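None of the values given here were measured: they were computed from a predicted structure.
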Amino acid sequence: QVQLVESGGGSVQAGGSLRLSCAASGLTFRSACMGWFRQPPGKEREGVAIIFGLGGGTYYADSVKGRFTMSQDNTNKTLHLQMNSLKPEDTAKYYCAAPLSCTVFAGKITQYTSTDSSWGQGTQVTVSS
């Protein structure tokens, strides 16, 4: 059974940084496709950053490219999301999901679905202007 536990959320001012972590168990972490999603208040959940292990590829939403960076700690089975230059529009509850069904082309994830994924409980990120 896949279990995911997020941590690292909080409140920051615009321009600040936060680092989210997702501790995973119950899956082959090193080769899994997994990632971060967020749900802003009153809006639908959206994919933010996805990674396919073993160098399989990555995906970043256009809204976070150049500001957010994902990394995998295979020893501790933890997925991190470093968020820099935060904006008020980044305010949302952030969730970790795995495993995802991912399609990779030329080193980039071109499609992903979370139909059969497990989800963490989420961690709140609030960015004030």
Side-chain angles (χ1 to χ4, degrees):
Q1 182 178 0
V2 177
Q3 291 191 324
L4 305 166
V5 179
E6 302 98 334
S7 61
S11 297
V12 296
Q13 290 192 324
S17 298
L18 284 173
R19 188 189 193 210
L20 305 185
S21 297
C22 172
S25 61
L27 78 166
T28 307
F29 182 85
R30 186 182 296 268
S31 59
C33 189
M34 59 190 302
W36 291 94
F37 294 72
R38 68 185 181 186
Q39 187 164 18
K43 296 185 179 180
E44 293 187 354
R45 189 153 48 188
E46 60 179 355
V48 175
I50 311 295
I51 188 166
F52 206 156
L54 295 176
T58 58
Y59 161 86
Y60 289 93
D62 288 342
S63 58
V64 308
K65 282 180 182 176
R67 301 188 298 121
F68 290 12
T69 304
M70 228 175 354
S71 61
Q72 280 183 301
D73 177 350
N74 290 319
T75 299
N76 295 304
K77 295 187 178 182
T78 302
L79 183 68
H80 299 290
L81 183 68
Q82 179 66 42
M83 306 187 297
N84 298 328
S85 302
L86 283 162
K87 304 175 180 180
E89 50 263 44
D90 294 319
T91 294
K93 195 161 188 179
Y94 284 71
Y95 299 87
C96 180
L100 303 170
S101 178
C102 294
T103 301
V104 179
F105 179 74
K108 295 192 176 183
I109 294 172
T110 56
Q111 191 174 19
Y112 60 89
T113 58
S114 58
T115 305
D116 298 317
S117 302
S118 294
W119 296 83
Q121 81 287 353
T123 185
Q124 180 66 39
V125 171
T126 303
V127 185
S128 58
S129 57

Q.
For the backbone of G122 and the side chain of E6, can you confirm whether one donor and one acceptor N or O come within less than 3.5 Å of each other?
A. yes
Q) How many angstroms lie between CG in L27 and SG in C33, if you round to the nearest 0.5 Å? A) 11.0 Å
Q.
Closer than 3.5 angstrom, by distance alone: can the side chain of T78 be matched with the main-chain N or O of N76 as a donor-acceptor pair?
A. yes
Q) Are any of the side-chain heavy atoms of L18 and L86 separated by less than 4.5 Å? A) yes
(Q) If I take atom OG from residue S25 and atom NZ from residue K77, how far apart are they, to the nearest 0.5 angstrom? (A) 7.5 Å
Q: Answer yes or no: is there a side-chain heavy-atom contact under 4.5 Å between Y59 and Q111?
A: no
Q: State yes or no: do I50 and L79 share one hydrophobic cluster built from I, L, V, M, F, W and Y residues joined by side-chain heavy-atom distances below 4.5 Å, directly or via other members?
A: no
(Q) Taking the ring of F68 and the ring of Y60, is the distance between their centroids below 6.0 Å? (A) no
Q: Answer whether the closest heavy-atom distance between the side chains of L20 and H80 falls below 4.5 Å.
A: no
(Q) Would a single hydrophobic cluster contain both M70 and M34, if residues Ile, Leu, Val, Met, Phe, Trp and Tyr are joined by side-chain heavy-atom contacts under 4.5 Å? (A) yes
(Q) Working note: Q124 + T91, criterion side-chain contact (heavy atoms from CB on, under 4.5 Å); need CA distance, chi angles, decisive distance, verdict. (A) CA-CA 8 Å; Q124 180 66 39; T91 294; 4.1 Å; yes
Q. Taking the side chain as C-beta and beyond, is there a heavy-atom pair between V2 and P99 under 4.5 Å?
A. yes
Q. Are L81 and V127 grouped together when hydrophobic residues (ILVMFWY) are joined by side-chain heavy atoms under 4.5 angstrom apart?
A. yes
Q) Is it true that a side-chain atom of T110 and a backbone atom of F105 form a donor plus acceptor pair closer than 3.5 Å? A) no
Q: Determine whether more than 12 heavy atoms belonging to other residues, nucleotides or ligands lie under 6.0 Å from atom CD of Q121.
A: yes
Q.
As an exercise, state the distance from OH of Y94 to OG1 of T123, rounded to the nearest 0.5 Å.
A. 10.5 Å
Q) Atom CZ in R30, atom OG1 in T75: separation rounded to 0.5 Å? A) 7.0 Å
Q: Could you tell me which non-hydrogen atom of P88 sits nearest to which non-hydrogen atom of A14, and how far apart they are?
A: CD-CB, 4.1 Å
Q) Where is the tightest heavy-atom contact between E46 and P40, given as atom of each residue plus distance? A) OE2-CG, 4.5 Å
**Q.** Interatomic spacing from CD in Q13 to OG in S129 - rounded to 0.5 Å
**A.** 9.0 Å
**Q.** Atom pair CG/OG1 of N84 and T69 - distance to nearest 0.5 Å
**A.** 6.5 Å
Q | Single-linkage hydrophobic cluster W36~F29, side-chain heavy atoms < 4.5 angstrom | A | yes
(Q) Check K87 with D90, please: is the shortest side-chain N to carboxylate O separation under 4.0 Å? (A) no
Q. Is the cationic atom of R38 (NZ for Lys, CZ for Arg) positioned less than 6.0 Å from the six-membered ring centroid of Y95 and within 45 degrees of its normal?
A. no
Q) Does W119 reach the side chain of S117, with side-chain heavy atoms less than 4.5 Å apart? A) yes
Q: Could you pull out the closest heavy-atom pair between G57 and I109, with the gap in Å?
A: O-CD1, 3.6 Å
Q. Do L100 and F52 come close enough that some side-chain heavy atom pair is under 4.5 Å?
A. no
